[in-house]
Number of protein chains: 2
Amino acid sequence: MRSEDIAKLAGVSRSTVSRVINNYANVPEATKAKVLRIIEQYQYEPNSFARALAGKRTDTIGLFAISMNERENASRIYQNSYFGPIVDLVVDTANSLGYYVLIHTVYSPGDFQKIKQAYQQKRIDGGILVGTQKDSELVREMVGQEAPLVLIDYDISEIMAERLNKNHLAVINSMDYEGTVHAIEYLIGLGHRSIGIMKGRMSTFSGRERYVAYEDTLRKHGLPLQEEFILEGDFLKETAYQEAERLAVSGIWPTALFCCNDDMAISAMEAFTAHDIRIPDDLSVVGFDDVELAGRMNPKLTSVKLPIHEMATAAVEKVIALCNAEESAFSTLSFPTALIVRESCRELKEHE
Amino acid sequence: MRSEDIAKLAGVSRSTVSRVINNYANVPEATKAKVLRIIEQYQYEPNSFARALAGKRTDTIGLFAISMNERENASRIYQNSYFGPIVDLVVDTANSLGYYVLIHTVYSPGDFQKIKQAYQQKRIDGGILVGTQKDSELVREMVGQEAPLVLIDYDISEIMAERLNKNHLAVINSMDYEGTVHAIEYLIGLGHRSIGIMKGRMSTFSGRERYVAYEDTLRKHGLPLQEEFILEGDFLKETAYQEAERLAVSGIWPTALFCCNDDMAISAMEAFTAHDIRIPDDLSVVGFDDVELAGRMNPKLTSVKLPIHEMATAAVEKVIALCNAEESAFSTLSFPTALIVRESCRELKEHE
DNA sequence: CTGAAAGCGCTTACAG
DNA sequence: CTGAAAGCGCTTACAG
């Protein structure tokens with residue numbers, strides 16, 4: 001069934017059929033109704049490729065999850081508590097707005113090609129980029145393509161430094177700096193003076209923000225930065241486990257440990273527990289993200305909640321707005337975090 | 001940059017360019033190399049829509065997650081521990097095989113349209129259907145379309161009953177019956193005689209299988225089916241919580257409860273704990289699926305592991321084989337489950 | 001208000 | 001081995 005067939009059946013031309021499908025103004029109600037009836041009756045659907053080829057939208061957005069460091073694992077984004085929800089949320093939001101979503105994960109530099117191809121082959125109207133390793137070069141290239149693009153978790157200053165037209169670009173962030181300050185000051189308020197950190201991946205905007213906020217806050221409160229309590233977790237479960245174990249074995253540790261994401265916090269707690277370091281009695285732990293597991297484990301993890309729902313929703317709305325040229329200015333949105341206090345931190349007594 | 005441009009640059013015709021892109025046999029190496037060099041140099045990518053329109057593959061598969069009962073929630077598949085991993089695994093597998101994946105969730109009968117459209121508009125080469133409510137009518141309709149289709153968790157006998165050509169169809173299941181028998185017999189082996197069940201959604205193949213296996217096994221071992229210990233959890237967390245709470249309040253409960261998925265098992269445990277019923281001291285619990293949380297909670301949940309990784313991978317491989325017409329017979333694959341014993345069940349003493 | 005025609009960028013018989 | 005041409009199914013100026 002092609003538009004030609006519908007045209008014949010309705011006694012009009014293909015042009016008219018196309019006009020009613022695309023809801024043009026200058027079609028009389030009667031003609032419109034007639035055509036619509038036939039379309040309905042035969043359950044006709046215009047071929048999306050032909051439409052796209054003739055210059056129409058594809059009604060699909062791309063979602064690209066970049067996870068360069070986790071190549072080895074068989075199931076990869078799957079292993080990460082951060083991507084799963086983002087993917088699901090983006091799909092749900094886009095679908096409910098009438099868009100399909102085309103997904104591709106990238107684990108190696110070569111996979112980047114797939115992103116470019118999706119744009120060049122015109123498979124999508126616009127795209128969303130999440131994940132680590134969104135290096136400037138890639139972004140510059142994408143921005144150069146003039147296709148709608150939304151970046152989640154990206155350093156705005158890096159973009160501002162580029163001399164490009166970025167009217168089809170938007171950036172969505174969470175207020176990680178503030179969230180981290182909040183968490184550290186909460187620990188300080190509980191009486192902690194010796195606070196360590198399990199760092200995230202520093203190639204990431206959020207990884208850097210969280211670390212800098214940690215340093216700033218300690219400094220602001222006149223607390224020392226202790227090299228030996230700065231662990232390199234890289235946002236990864238396994239790495240965090242090893243780092244925590246190393247600390248446990250060393251025999252000395254801080255009274256509190258701020259972890260730059262929950263995956264690492266949870267792994268660290270497992271490592272500590274395995275070495276008979278009790279949480280929160282012997283060590284207080286705070287995480288970041290507030291994944292589902294945080295509220296279900298034992299002890300329940302105190303964590304900074306990432307506004308992941310808002311971020312994913314906003315990302316979808318932004319690309320769509322950009323695709324429809326409803327918006328044409330570079331925009332940036334940052335959503336607030338919230339400290340969710342649970343059971344993994346304890347108050348230090350005066351003399352401790 | 002179009003194939004025409006490449007042709008000019010290479011000093012050949014569009015036909016030849018097309019032939020080298022599609023790797024036709026009858027192009028001399030020299031010509032091929034020349035064309036390839038230009039393509040490489042200009043980073044040319046053929047327009048995917050034009051190709052598809054001219055009869056080529058789209059190189060994308062559809063993934064449709066059906067979740068009709070969970071309409072209300074803001075973030076829906078997201079809430080379900082089953083879909084997330086499937087989505088991620090399918091995307092990962094398909095991507096690594098060079099396919100894009102187009103995702104759409106369906107929450108209402110109207111959303112079904114989207115699935116049909118994706119096929120009719122030729123957006124995908126083939127598709128995978130997961131989730132509940134895969135009613136015969138839908139399947140009949142899809143099978144009628146002659147497009148490659150893989151069904152995950154579906155009753156084969158229902159398909160066999162249809163008088164359709166199903167050479168573009170495949171079904172992927174897990175051996176839930178055996179898995180359930182295994183779990184129930186494990187409980188019986190621990191000395192349990194009073195075993196309840198938290199049922200899944202009965203509109204689902206796996207929901208029915210697990211329930212039937214439960215009944216059969218009790219019967220086989222001469223144990224009574226106690227109406228009051230048969231709970232309707234519907235595979236949903238909230239429903240399961242309420243049902244468990246109802247049981248707790250009633251004052252009498254079985255010595256063991258088999259839950260048809262982990263989401264329900266975990267919620268039930270929370271409800272019991274809230275009512276001072278200790279797991280496993282006062283009540284043993286077994287789940288199904290073996291989601292990540294199962295091994296991380298306290299006490300750790302004993303559960304039947306769903307071969308979700310194998311299922312997702314097989315589903316992708318099947319659709320692709322079907323798309324490439326490498327396979328043309330109706331096929332069905334069923335993967336084994338495994339009982340993962342942890343801490344949520346205890347042995348009953350002789351006199352209990 | 002509406003139809004005939006050109007065009008979107010490919011692929012693939014058809015000739016040669 | 002390779003080019004000219006038709007065709008895939010739409011949309012959209014262009015005329016009228």
Side-chain angles (χ1 to χ4, degrees), chain A residues 1-36 38-39 42-60 117-125 147 323-325, chain B residues 1-36 38-39 42-60 117-125 147 323-325:
Chain A
M1 182 111 310
R2 300 155 309 144
S3 70
E4 173 106 49
D5 304 316
I6 297 294
K8 249 174 219 146
L9 258 8
V12 297
S13 72
R14 263 147 73 215
S15 315
T16 300
V17 171
S18 178
R19 286 189 189 99
V20 349
I21 287 174
N22 292 298
N23 227 279
Y24 279 37
N26 51 357
V27 181
E29 280 308 323
T31 318
K32 194 167 178 172
K34 189 170 56 180
V35 174
L36 248 19
I38 305 286
I39 288 181
Y42 290 85
Q43 298 248 58
Y44 165 72
E45 289 293 339
N47 179 307
S48 61
F49 291 163
R51 299 191 82 186
L53 191 55
K56 281 291 184 187
R57 290 271 122 70
T58 64
D59 295 331
T60 114
Q117 281 180 22
Y119 273 101
Q120 291 177 174
Q121 297 180 342
K122 299 275 191 320
R123 289 174 182 271
I124 54 177
D125 294 336
C323 291
N324 297 332
Chain B
M1 181 108 315
R2 299 155 309 142
S3 70
E4 173 107 48
D5 304 318
I6 298 294
K8 249 172 219 145
L9 258 9
V12 297
S13 72
R14 262 147 74 216
S15 316
T16 299
V17 171
S18 179
R19 286 191 189 98
V20 349
I21 287 174
N22 292 297
N23 227 277
Y24 279 36
N26 51 358
V27 180
E29 279 310 322
T31 318
K32 194 167 178 173
K34 188 170 57 182
V35 174
L36 248 20
I38 305 286
I39 288 181
Y42 290 85
Q43 298 248 56
Y44 164 72
E45 289 292 340
N47 180 309
S48 61
F49 291 163
R51 298 191 83 187
L53 190 56
K56 280 292 184 187
R57 291 273 123 70
T58 63
D59 294 332
T60 114
Q117 281 180 23
Y119 274 102
Q120 291 176 175
Q121 298 179 343
K122 299 277 190 328
R123 288 174 183 271
I124 53 177
D125 294 335
C323 291
N324 296 332

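Naming: A, B, ... by sequence-line order, numbering from 1 per chain. Quick caveat, the model's predicted, so the values are computed rather than measured.
Across all their heavy atoms, Asp59(A) and Arg123(B) have their closest contact at CB-NH2, 4.1 Å. Heavy-atom minimum distance, Lys34(B) versus Ala10(B): CE-O, 3.4 Å. Heavy-atom minimum distance, Ala7(A) versus Ser13(A): CB-C, 3.6 Å.
Annotation: side chain of Phe49(B) is not in contact with side chain of Ser48(A) (no heavy-atom distance under 4.5 Å).
Here Thr58(B) pairs with Asp125(B) under the side chain to side chain donor-acceptor pair (under 3.5 Å) rule; sequence neighbours left out. A search for salt bridge (Lys or Arg N to Asp or Glu O under 4.0 Å) contacts involving Arg57(A) returns nothing, not counting sequence neighbours. Residues satisfying the side chain to side chain contact (heavy atoms under 4.5 Å, CB included) test with Glu45(B), not counting sequence neighbours, are Gln117(A), Gln120(A), Gln121(A). For Ala54(B), there are no side chain to side chain contact (heavy atoms under 4.5 Å, CB included) partners two or more places apart in sequence or in a different chain. The side chain to side chain contact (heavy atoms under 4.5 Å, CB included) test applied to Ala50(A) returns Asn47(A), Leu53(B), not counting sequence neighbours.
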Item checked: Pairing annotation in dot-bracket form, given for DNA chain D with Watson-Crick or G-U pairs under 3.5 Å and | for cross-strand partners -> |||.||||||||.|||
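Scanning residues 22-36 of chain A for heavy-atom distances under 4.0 Å to DNA chain C yields Asn26(A), Pro28(A), Thr31(A). Non-hydrogen atoms lying under 4.0 Å from DNA chain D are contributed by Val12(B), Ser13(B), Arg14(B), Ser15(B), Thr16(B), all within residues 5-18 of chain B. Contacts between residues 47-54 of chain B and DNA chain D, counted as heavy-atom distances below 4.0 Å, involve Leu53(B), Ala54(B).
Taking every nucleotide of DNA chain D with any atom under 4.0 Å from a non-hydrogen atom of chain B, the first and last of them, 5' to 3', are dC1(D) to dG9(D).
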What donor-acceptor contacts under 3.5 angstrom involve side-chain atoms of residues 15-24 of chain B, with partners at least two apart or in another chain?
{"unit_1": "Ser18(B)", "atom_1": "OG", "unit_2": "Asn22(B)", "atom_2": "ND2", "d": "3.4"}
{"unit_1": "Asn22(B)", "atom_1": "OD1", "unit_2": "Arg51(B)", "atom_2": "NH2", "d": "2.5"}
{"unit_1": "Asn22(B)", "atom_1": "ND2", "unit_2": "Ser18(B)", "atom_2": "O", "d": "3.0"}

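The salt bridge (charged side-chain N to carboxylate O under 4.0 Å, His left out) analysis of residues 1-12 of chain A, with sequence neighbours excluded, yields the pairs Arg2(A)-Asp5(A).
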